[in-house]
Amino acid sequence: MPAPSDGAPLRFDRTSTPGELVAKHGSLEPGASTGEIHRVAGRIQTTRGHGKVAFADLGDWGGKIQLFARADRLGDRFEDFLALGVGDWVGASGEVVTTRTGELSILLDGFELLAKSRRPWPDKRSGLQDVERRHRQRYLDLATNARAREVLMARSKTVAEIRRWLSDRGFIEVETPMLHPIPGGALAKPFVTHHETLGVDLYLRIAPELYLKRLLVGGMERVFELNRNFRNEGVSTQHNPEFTMLEAYQAYGDYTDMADLLESLIRDVAQSVTGGLVVPWHDIDIDLGTFRRVRLVDLVREAGADPDADLAAECERLGVAFDPKWPWGKLLVEIYEKKVEHTLVQPTFVLDFPRDVSPLARTHRTDPRFTEHLELIIGGMEIAPAYSELNDPVEQLARFQAQADGAAGPEDEAHRIDEDFLTALEYGMPPAGGLGLGIDRLVMLLTDSPSIRDVILFPALRPED
RNA sequence: GGGCCGUUAGCUCAAUUGGGAGAGCAGGGGCCUCUUAAGCCCAAGGUUCCGGGAUCGACGCCCGGGCGGCCCA
């Protein structure tokens, strides 16, 4: 069998990892010999040549161990060892020992260069600092910065815990279309694409909501989807054009059930990901043990505006920019978003958004100006909306038409009338609660990350050229 | 879209009010048989993001642009 052209090994059998050896032998006396021969692999992190002996740190994401090379043991291979550099992948074999200074080491009998790093490596002390390159070349960020690895692992665990938590409670995960003939389920500008053989424009979904509700019509009682949404809007520390959202629906429930569920879910996920319910956030601590519940209209009143007065005048007085065409509810929400939302640092359910801005939620059971639509705010960020879901096809059509008539925002962000969805509702959708949970922002909270780009491995950036 | 800040060697960063660009690390050569941010010696490394302008003289000042960060819309 011919050797590969570059002679590099195709595989390497390990008997242990650096982290496992540290766990087993981490407290040996200086100058100890274990009699254990091991084969370990990893990436060279530092090298220290010292005449007829040399050292290198070999590490992976789970730990590191020192390689101890002696010219009298390695013979001709000693020169090759000295040629190793930072970033090289190496498989090594030898006895597990400690040096005179007590450092746990592999006393090398042999080693293989598994892959060479051909480019200059970031500074070994500081790691890669340049924010732009950390995003464009995330592999270097991960390879040199422990913080980047911790965030990635926290995100992975968060997603895994959410899936397990929901599954344990009877929620079924589904996948609904990413390509939508009509963008729906949210107020947002979509990305447009085109299907050649069907000859139609399609939209990357802005939300899966209307498809998940079709599944409620089909009889699914507890259903969720955890995947990407796409919105053709600006990028900021809280927005990426593609972002990850959990949407979950529960038949026979309402928005108070969804608030209970969110509270319990976030608490359990925080506990398993961070080990506690108090998470540091910038300069303060956020206590996920207590979730306040307060009506939006009361928050606006607390902010010094009278919801029963002329809201355009109130906006004027408070310095909130507005469009005179906006309806009452839009003005009310504008005051809330500009004056209140960013001040809600501790977990807060903001209850009962106005009907004008909430076309998919049921009218409030006692106050018809509002809907049973809440938003969970933590750290000043919208983390999760939840509704008592509108299931009346006649009212749904009327709400869509009110949206299409304008007033609530730019035309390309208004709901378009999805006849197929209305047909589904006409077959009967059970009463249900639904929620959306922004996964990126939740991970920001759990990892004290100030920017969404810290928790998305490859965030949207302008092309370099 | 607006404002402010940043952009210098492969990386991390310096460079009084405008006077001719430096260090550490990495990479190259040499010494060294227990180092661990190894150490010591030597050499090399630059279109100071790009384009224009004022000045005897620009990394620095002015104008325009790129990319990034933060804040605002």
Side-chain angles (χ1 to χ4, degrees), chain A residues 18 22 26 28-33 42-59 63-75 78-79 81-88 94-108 116-141 143-146 189 232-240 282 315 319-323 326 334-335 337-339 341-342 380-381 409-410 413 444 449-454 458-465:
Chain A
V22 169
L28 289 177
E29 297 293 307
S33 298
R43 178 174 250 151
I44 300 293
Q45 296 173 341
T46 58
T47 60
R48 294 175 289 284
H50 206 293
K52 296 291 187 290
V53 300
F55 305 90
D57 287 338
L58 185 77
K64 70 175 183 187
I65 191 165
Q66 181 172 257
L67 302 182
F68 180 11
R70 301 180 58 115
D72 55 9
R73 291 178 78 92
L74 287 178
F78 187 72
E79 283 298 316
F81 185 84
L82 294 180
L84 294 177
V86 174
D88 290 347
E95 184 181 359
V96 179
V97 301
T98 55
T99 61
R100 283 177 204 163
T101 55
E103 183 73 21
L104 189 68
S105 306
I106 302 286
L107 179 58
L108 288 187
K116 184 73 183 168
S117 174
R118 298 163 198 274
R119 284 182 181 264
W121 208 252
D123 190 282
K124 67 185 176 190
R125 305 172 186 179
S126 58
L128 185 64
Q129 294 300 309
D130 182 79
V131 175
E132 181 181 356
R133 278 191 70 196
R134 282 178 42 220
H135 296 152
R136 290 194 195 277
Q137 297 181 279
R138 182 70 85 183
Y139 47 92
L140 288 178
D141 190 28
T144 63
N145 295 324
K189 191 172 177 179
N232 202 345
E233 295 167 353
V235 298
S236 75
T237 50
Q238 287 182 41
H239 299 86
N240 197 62
H282 303 347
C315 282
V320 173
F322 66 99
D323 184 326
W326 285 350
E334 198 66 15
I335 294 170
E337 287 185 349
K338 290 298 182 297
K339 291 294 172 184
E341 187 179 84
H342 66 275
M381 297 186 291
E413 290 185 11
M444 288 170 67
S449 296
S451 169
I452 198 169
R453 286 172 219 130
D454 296 331
F458 300 100
L461 297 170
R462 254 181 247 284
E464 271 186 294
D465 293 317

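The analysis underlying the following values was restricted to heavy atoms, covering all of them including side chains, and did not include hydrogens, waters or symmetry mates.
Rounding to the nearest 0.5 angstrom, the gap separating the NE2 atom in A:H342 from the NZ atom in A:K339 is 7.5 Å.
A:A54 approaches A:G49 most closely through the heavy-atom pair CB-CA, 4.0 Å. Closest non-hydrogen pair, A:A32 versus A:T98, comes out as N-OG1, 2.7 Å. Between A:R43 and A:A143, the shortest heavy-atom distance links the atoms NH1-CB, 3.7 Å.
Each of A:A83 and A:K64 was assigned the nucleotide of RNA chain B with the nearest heavy atom; the assignment lying further toward the 5' end belongs to A:A83.
Using cut-offs of 30° and 60° for the angle between ring planes, the A:F55 and A:H50 rings count as perpendicular.
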**Request:** Take A:I106 and A:V96 through the side-chain contact (heavy atoms from CB on, under 4.5 Å) test and state the conclusion after the steps.
**Result:** CA-CA 5 Å; A:I106 302 286; A:V96 179; 3.9 Å; yes
**Asked** Can A:R453 and A:V235 be said to form a side-chain contact (heavy atoms from CB on, under 4.5 Å), step by step?
**Response** CA-CA 10 Å; A:R453 286 172 219 130; A:V235 298; 4.3 Å; yes
**Request:** Run the numbers on A:E233 and A:H239 for side-chain contact (heavy atoms from CB on, under 4.5 Å), then give the verdict.
**Result:** CA-CA 8 Å; A:E233 295 167 353; A:H239 299 86; 5.5 Å; no
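Spacing between atom CD of A:Q238 and atom P of B:G69 amounts to 15 Å, rounded to whole angstrom units. Put simply, CD on A:Q45 is 16 Å from C1' on B:C25, counting in whole angstrom units. For the pair A:H239 NE2 and B:C72 P, the computed distance is 12 Å after rounding to whole Å. Here B:U36 presents its C1' atom at 16 Å from CD1 of A:I106, a figure rounded to the nearest Å. For A:L461 and B:G66, the CG to P distance is 16 Å, given to the nearest whole Å. Following rounding to the nearest Å, A:R125 (CZ) and B:U36 (P) show an atom-to-atom distance of 13 Å. At whole-Å resolution of the value, CD in A:E233 and C1' in B:G1 are 15 Å apart. Between A:Q137 atom CD and B:C67 atom P the separation is 18 Å, expressed in whole Å.
The separation of B:G68 from B:A15, taken at their P atoms, amounts to 26 Å, rounded to a whole angstrom. Separation of the P atoms belonging to B:U12 and B:A54 is 36 Å when rounded to the nearest angstrom. For the C1' atoms, the distance from B:A73 to B:A21 is 41 Å, rounded to whole Å. Here, B:U8 and B:G69 have their P atoms 15 Å apart, quoted to the whole Å. B:A38 sits 15 Å from B:A26 when the C1' atoms are compared, rounded to a whole Å. Between B:G10 and B:U55, the two C1' atoms lie 35 Å apart (nearest whole Å). Rounded to whole Å, the C1' atom of B:G6 lies 14 Å from the corresponding atom of B:U48.
B:G64 is paired with B:C50 under the criterion used here, namely a Watson-Crick or G-U wobble arrangement in which both key atom distances are under 3.5 Å. B:U8: no Watson-Crick or G-U partner with both key distances under 3.5 Å is found in any strand. Base pairing analysis places B:G39 opposite B:C31; the two distances defining the Watson-Crick or G-U wobble pair are each below 3.5 Å. The partner of B:G18 cannot be assigned: no Watson-Crick or G-U wobble pair with both contacts below 3.5 Å exists in any strand.
With hydrogens and angles disregarded, no donor-acceptor distance shorter than 3.5 Å links the side chain of A:R70 to the backbone of A:V53.
If you check every strand for non-hydrogen atoms under 4.0 Å, A:R453 touches sugar and phosphate atoms only. Across all strands shown, A:T144 has no heavy atoms under 4.0 Å from either base or sugar-phosphate atoms.
Nucleotide B:G20 carries a syn base; the chi torsion (O4'-C1'-N9-C4 or O4'-C1'-N1-C2) is within 90° of 0.
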Return the polar atom pairs (N/O with N/O) between nucleotides 30-35 of chain B and the protein under 3.5 Å, or none.
from	atom 1	to	atom 2	distance (Å)
B:C32	N3	A:G51	N	3.0
B:C32	N4	A:G51	N	3.4
B:U33	OP2	A:K52	N	3.3
B:U33	O2	A:R70	NH2	3.4
B:C34	O2	A:R100	N	2.8
B:C34	N4	A:R70	NH1	3.4
B:U35	O2	A:R48	NE	2.8
B:U35	O2	A:Q66	OE1	3.1
B:U35	N3	A:Q66	OE1	2.8
B:U35	N3	A:Q66	NE2	3.1
B:U35	O4	A:Q66	NE2	3.0
B:U35	O4	A:T99	OG1	2.6
B:U35	O4	A:T101	OG1	3.1

Pairs under 3.5 Å (N/O, protein and nucleotides 3-11 of chain B):
from	atom 1	to	atom 2	distance (Å)
B:C11	OP1	A:R133	NH1	3.0
B:C11	O2'	A:D123	N	2.8
B:C11	O2	A:D123	OD2	3.4

Atom pairs, N/O to N/O, protein against nucleotides 42-47 of chain B, distance under 3.5 Å?
none

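At a threshold of 4.5 Å between non-hydrogen side-chain atoms, the residues A:I335 and A:C315 count as touching.
By the ring pair (Phe, Tyr, Trp, His ring centres under 6.0 Å) test, A:F81 is found to be paired with A:F111, residues two or more places apart in sequence or in another chain being considered. In this view, A:T144 and A:W121, A:P122, A:L128 satisfy the side-chain contact (heavy atoms from CB on, under 4.5 Å) rule, not counting sequence neighbours.
The stretch residues 45-59 of chain A participates, sequence neighbours left out, in these salt bridge (Lys or Arg N to Asp or Glu O under 4.0 Å) pairs: A:R48-A:D57, A:D57-A:K64.
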